[in-house]
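Just so it is clear: chains get the letters A, B, ... in the order the sequence lines come, proteins before strands, and each one is counted from 1.
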2 protein chains.
Amino acid sequence: MFTNSVKYALKAVLFLAVHSGEERKIMVKDIAEPINVPKAYIAKLLQELSKQEIISSTRGVKGGFYLTESNLKQPVLNVIYAIDGTYRMNSCLLSLESCNEYKPCPLHHIVSPMRSKLIESLKEKTLEDLSIEIQSGLSYLPL
Amino acid sequence: MFTNSVKYALKAVLFLAVHSGEERKIMVKDIAEPINVPKAYIAKLLQELSKQEIISSTRGVKGGFYLTESNLKQPVLNVIYAIDGTYRMNSCLLSLESCNEYKPCPLHHIVSPMRSKLIESLKEKTLEDLSIEIQSGLSYLPL
DNA sequence: TCTTAAATATGATAATTATCATATTCTTAT
DNA sequence: ATAAGAATATGATAATTATCATATTTAAGA
């Protein structure tokens with residue numbers, strides 16, 4: 001469902017949600033290691049997220065990546081769409097172009113309602129929500 | 001979520017569910033075209049499914065692929081597992097090895113119940129069920 | 001038993017995705 | 001101003017997945 005890239009991106013962003021802030025910027029190598037994702041790989045993803053303003057960054061000495069309050073208010077889904085695009089999550093599981101409510105593919109009735117619900121949930125949950133859950137020990141991030 | 005291969009396999013198997021039988025074997029080229037999947041590609045998948053006894057086949061003149069009554073009774077999930085293996089559908093979305101109920105990843109509570117339900121549905125629905133739905137115009141197969 | 005028509009086995013090529021590497025640009029502090 | 005430390009831009013390589021091709025084996029019918 002998700003590419004490797006999205007998974008890595010989510011881990012990194014959630015790591016930032018928990019550990020960074022406008023006054024606590026974190027550089028690539030200090031993100032890559034704890035979430036164990038190859039440094040060069042996650043660097044590229046973070047750059048893309050930054051360009052799309054899903055996360056924030058500053059260059060140079062004392063620079064790094066971080067989330068602003070506004071970044072934290074975003075739905076998780078933003079991260080997914082930013083990296084994988086919207087098509088992957090929304091297209092028919094059998095890739096039938098014409099699949100829709102009126103001309104459903106054989107799996108549509110099974111899959112479609114669940115996908116809708118999943119997307120709904122990923123739209124509702126913000127990065128901040130997940131960050132709070134992690135910080136209160138309701139869920140766990142690394143490895 | 002699914003590979004291209006699984007999608008193609010599902011289309012082919014459902015096509016066979018609707019159109020084939022022990023007395024109506026269908027050869028590769030007559031499957032590939034209507035479900036529009038490259039012939040050489042679907043041939044390979046059909047061979048694999050046949051080897052795993054998800055579908056049936058006979059060689060030589062008058063040969064082809066088909067589903068027996070027993071094949072038809074199988075859950076859809078069998079096709080998916082046969083091609084993609086079980087890991088893909090069941091692993092943590094973030095690929096955290098340790099993710100489970102006791103140490104859930106941040107997306108676990110969102111994703112896990114839906115995945116369980118999806119797998120349950122794919123286990124309950126047989127190829128025959130879907131075939132009947134297609135034949136009664138409740139869902140549509142090709143393109 | 002020979003010919004033909006089909007699946008089967010095997011492997012080659014192409015496309016996509018994942019991974020790695022590095023020169024350039026920007027920012028801060030000296 | 002300049003030096004150093006960071007992200008940024010760009011692109012190269014590797015691995016996986018998708019696609020294509022073909023020689024071999026099997027079954028049926030003449």
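For A:Phe65, there are no ring-ring contact (aromatic ring centres under 6.0 Å, His included) partners two or more places apart in sequence or in a different chain. With sequence neighbours left out, the ring-ring contact (aromatic ring centres under 6.0 Å, His included) criterion links B:His108 to no other residue.
Side-chain contact between B:His19 and B:Asp30 is absent, with no heavy atoms from C-beta onward closer than 4.5 Å. By the 4.5 Å heavy-atom criterion applied to side chains, A:Met114 and B:Ser121 are counted as neighbours.
Scanning both residues, B:Ile26 and B:Ser20, for their nearest heavy atoms gives CD1-CB, 3.8 Å.
Comparing C:dA6, D:dA7, C:dA9 by their nearest atom to the side chain of B:Gln47 picks out C:dA9. For A:Lys62, counting side-chain heavy atoms from C-beta on, the closest listed nucleotide (C:dT28, D:dT8, C:dA9) is C:dT28.
For B:Glu33, the CD atom is loosely surrounded, since the number of other residues' heavy atoms within 6.0 Å does not exceed 12.
There is a side-chain donor-acceptor pair under 3.5 Å between B:Ser56 and B:Asn71.
No donor-acceptor contact under 3.5 Å links the side chain of B:Arg59 to the base of C:dT8.
Put simply, NZ on A:Lys29 is 11 Å from P on D:dG5, counting in whole angstrom units. The separation between A:Glu48 atom CD and D:dA9 atom P is 9 Å, rounded to whole Å. Taking atom CD1 of residue A:Ile42 and atom P of nucleotide D:dA6, one finds them 18 Å apart after rounding to whole Å. The NZ atom of B:Lys51 sits 16 Å away from the P atom of D:dT25 (whole-angstrom rounding). Rounded to whole Å, the distance from NZ on B:Lys25 to P on C:dT8 is 12 Å. In this structure, A:Tyr66 places its OH atom 15 Å from P of D:dA6, rounding to the nearest Å. Atom CG in B:Leu45 sits about 14 Å away from atom P in C:dA7, given to the nearest Å.
Nearer the 5' end of DNA chain D, as judged by each residue's closest nucleotide, is the contact made by A:Gly64, out of A:Gly64 and B:Thr58.
Put simply, B:Ser57 has no side-chain N or O that comes within less than 4.0 Å of OP1 or OP2 on C:dA6.
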Restricting to nitrogen or oxygen on both sides, can you table the protein-nucleotides 16-20 of chain C pairs closer than 3.5 Å?
residue	atom	partner	partner atom	Å
C:dA18	OP1	A:Asn4	N	2.9
C:dA18	OP2	A:Ser5	OG	3.3
C:dT19	OP2	A:Tyr8	OH	3.2

